[in-house]
Amino acid sequence: MDINKIPKIKHTDSGNFFLLAGPCAIEGEEMALRIAERVVEITNKLEIPYIFKGSYRKANRSRIDSFSGIGDEKALKILRKVSETFDVPTVTDIHAADEAAMAAEYVDVLQIPAFLCRQTDLLVAAAQTGKVVNIKKGQFLSPEAMQFAVKKVRDMGNNDVVLTDRGTMFGYQDMIVDYRGIPAMKQFDVPVVLDITHSLQQPNQSSGVTGGKPELIETVARAGIAVGADGLFIETHFDPANAKSDGANMLHLDLLEGLMSRLVEIRKVVNKF
């Protein structure tokens, strides 16, 4: 797949990795626009192709009282407003087959959550919208097994598939990134993204709230670029401590420009080989 097929994407001739970034969940219009404005400013400055990320609903939560969203239509309309305001493409998760067509009315890329990457009806419905489909690799799957998820989308006549690694379960309360998975999945002739922040989650905590190790974001990101990731996925927020979802492993928005600047320099070196 050629990422130039994503509507509104820019800077694709820069030689840089592309970036999917934004808050974990859409908490409201003001926060979404604030985050998008800053990331657009950074990515335009550094010539990084950018897709704004925000989940309109968080269907997979440890506890029933965890924040799940502000309402599907309300959040999807905010995603559309971000796209129209800043002229950037958007991506959001879908969780069931009947959500695919609905979400496709508002966003440019449909994302399949890692836990759902084997759900045939979900993959088929996403493919049939004609949108780019970003499939996250299950924490329980080998990179090689993702060829079958790709095939399900392609068998529907949709060749616009991206794969995203988000770490593999290691023990009961930790994730680990196996960087061998990036070249393994690139063999399927798809762009491969490394989800930095979810790879640093510490799920299944006794509190029912997922933990994380955000201090390792730069370490994992540097390694991902070094081994040839085509894109990066990073959740970011101007106040991670008070974010309503995944705050424990998000990058503070103030740190994003410095990180991106350093990663661009690493990418320049990688491009020489």
Side-chain angles (χ1 to χ4, degrees), residues 3-4 6 9-24 34-54 86 88-91 109 134 136-137 162-168 174-183 185-186 191-202 211-241 243 246-273:
I3 66 165
N4 283 295
I6 301 173
I9 199 160
K10 301 175 180 65
H11 310 302
T12 56
D13 59 351
S14 67
N16 277 326
F17 53 88
F18 63 97
L19 177 68
L20 296 83
C24 179
R34 178 177 171 183
I35 293 170
E37 181 177 30
R38 181 64 181 130
V39 184
V40 168
E41 179 184 2
I42 293 166
T43 52
N44 281 340
K45 178 179 178 180
L46 298 174
E47 296 188 327
I48 297 171
Y50 174 53
I51 305 163
F52 177 85
K53 182 269 168 184
F86 300 106
V88 293
T90 55
V91 56
V109 181
N134 179 28
K136 287 197 165 184
K137 183 185 81 65
V162 178
L163 289 180
T164 295
D165 195 336
R166 50 93 73 237
T168 301
D174 208 356
M175 308 290 296
I176 192 166
V177 178
D178 181 353
Y179 292 95
R180 297 174 300 176
I182 293 174
M185 291 192 292
K186 289 180 75 167
V192 174
V193 175
L194 179 58
D195 180 344
I196 308 301
T197 46
H198 286 101
S199 295
L200 292 167
Q201 282 184 333
Q202 293 182 303
K213 293 184 176 181
E215 67 274 13
L216 292 176
I217 287 173
E218 182 151 350
T219 300
V220 173
R222 286 186 177 200
I225 295 299
V227 299
D230 300 296
L232 297 180
F233 180 109
I234 296 178
E235 290 186 339
T236 184
H237 197 290
F238 49 80
D239 187 10
D246 275 5
N249 52 273
M250 274 201 272
L251 179 71
H252 197 292
L253 189 59
D254 290 347
L255 301 176
L256 184 64
E257 182 173 2
L259 174 61
M260 291 297 107
S261 298
R262 293 186 289 276
L263 295 178
V264 165
E265 292 303 310
I266 295 172
R267 175 71 172 208
K268 289 177 183 177
V269 175
V270 171
N271 286 344
K272 294 179 180 178
F273 295 95

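When a residue number appears, it is its place in the shown sequence, counting from 1.
Residues Ile3 and Pro191 share a closest heavy-atom pair of CG2-CG, 4.3 Å. Heavy atoms only, all atoms of each residue included: Ser199 and Val177 are closest at CB-CG2, 3.4 Å. Closest approach of Gly22 to Ile35, counting heavy atoms only: CA-CG2, 4.2 Å.
Within the 3.5 Å criterion, the main-chain N or O of Gly15 finds a donor-acceptor partner in the side chain of Arg267. Using a distance-only test at 3.5 Å, with no hydrogens or angles considered, no donor-acceptor pair links the side chain of Tyr50 to the main chain of Ala36. In this structure, Lys186 contributes its side chain and Gly228 its backbone to a donor-acceptor pair below 3.5 Å. Between the side chain of Asn4 and the main chain of Thr12, no donor-acceptor pair closer than 3.5 Å is present.
For the atom pair Met260 CE and Leu255 CG, the distance stands at 10.5 Å (nearest 0.5 Å). Atom-to-atom distance recorded for His237:NE2 and Leu253:CG is 9.5 Å, nearest 0.5 angstrom. Going from atom CG of Leu216 over to atom CD of Glu218 covers 10.5 Å, rounded to the nearest 0.5 Å. Between the CG atom of Leu256 and the CZ atom of Arg38 there is a distance of 7.5 Å, given to the nearest 0.5 Å. Here the OH atom belonging to Tyr179 is positioned 6.0 Å from the CG atom belonging to Leu194, to the nearest 0.5 angstrom. In this structure, Thr236 OG1 and Ile196 CD1 are separated by 13.0 Å, a value rounded to the nearest 0.5 Å.
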- request: Please report the C-alpha distance between Val40 and Glu37 in whole Å, then the side-chain angles of each, then the deciding distance to 0.1 Å, and finally whether the side-chain contact (heavy atoms from CB on, under 4.5 Å) criterion is met.
  value: CA-CA 5 Å; Val40 168; Glu37 181 177 30; 6.0 Å; no
side-chain contact (heavy atoms from CB on, under 4.5 Å) between Ile217 and Leu259: does it pass, once the steps are laid out? CA-CA 9 Å; Ile217 287 173; Leu259 174 61; 3.9 Å; yes
Item to complete: Mind running salt bridge (Lys or Arg N to Asp or Glu O under 4.0 Å) on Lys45 and Glu257 for me, showing each step along the way?
Response: CA-CA 9 Å; Lys45 178 179 178 180; Glu257 182 173 2; 2.6 Å; yes
side-chain contact (heavy atoms from CB on, under 4.5 Å) between Val264 and Phe17, worked out = CA-CA 8 Å; Val264 165; Phe17 53 88; 4.2 Å; yes
* Asked: Could you go step by step and tell me if Arg262 and Arg222 meet the side-chain contact (heavy atoms from CB on, under 4.5 Å) rule?
  -> CA-CA 8 Å; Arg262 293 186 289 276; Arg222 286 186 177 200; 3.8 Å; yes
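For Phe233 and His198, the ring centers sit closer than 6.0 Å to each other.
The one candidate from Thr164, Asp165, Asp195 that meets the side-chain hydrogen bond (donor to acceptor under 3.5 Å, both in side chains) condition with Lys136 is Asp195. Under the side chain to side chain contact (heavy atoms under 4.5 Å, CB included) rule, Val39 has a single partner from Ile51, Ile48, Ile234, Leu19, which is Leu19. Each of Ile6, Asp230, Thr43 was scored for a side chain to side chain contact (heavy atoms under 4.5 Å, CB included) with Phe18, with one residue passing: Asp230.
At a cut-off of 3.5 Å, with distance as the only test, no side-chain donor of Thr168 or Asp178 sits close to an acceptor on the other residue. Remark: the His252 side chain and the Asp239 side chain contain no N/O donor-acceptor pair separated by less than 3.5 Å.
For the pair Met175 and Arg166, the minimum side-chain heavy-atom distance is below 4.5 Å. The closest side-chain heavy-atom distance from Asn16 to Pro49 is below 4.5 Å. Using a 4.5 Å heavy-atom cutoff, the side chains of Asn134 and Leu20 are in contact.
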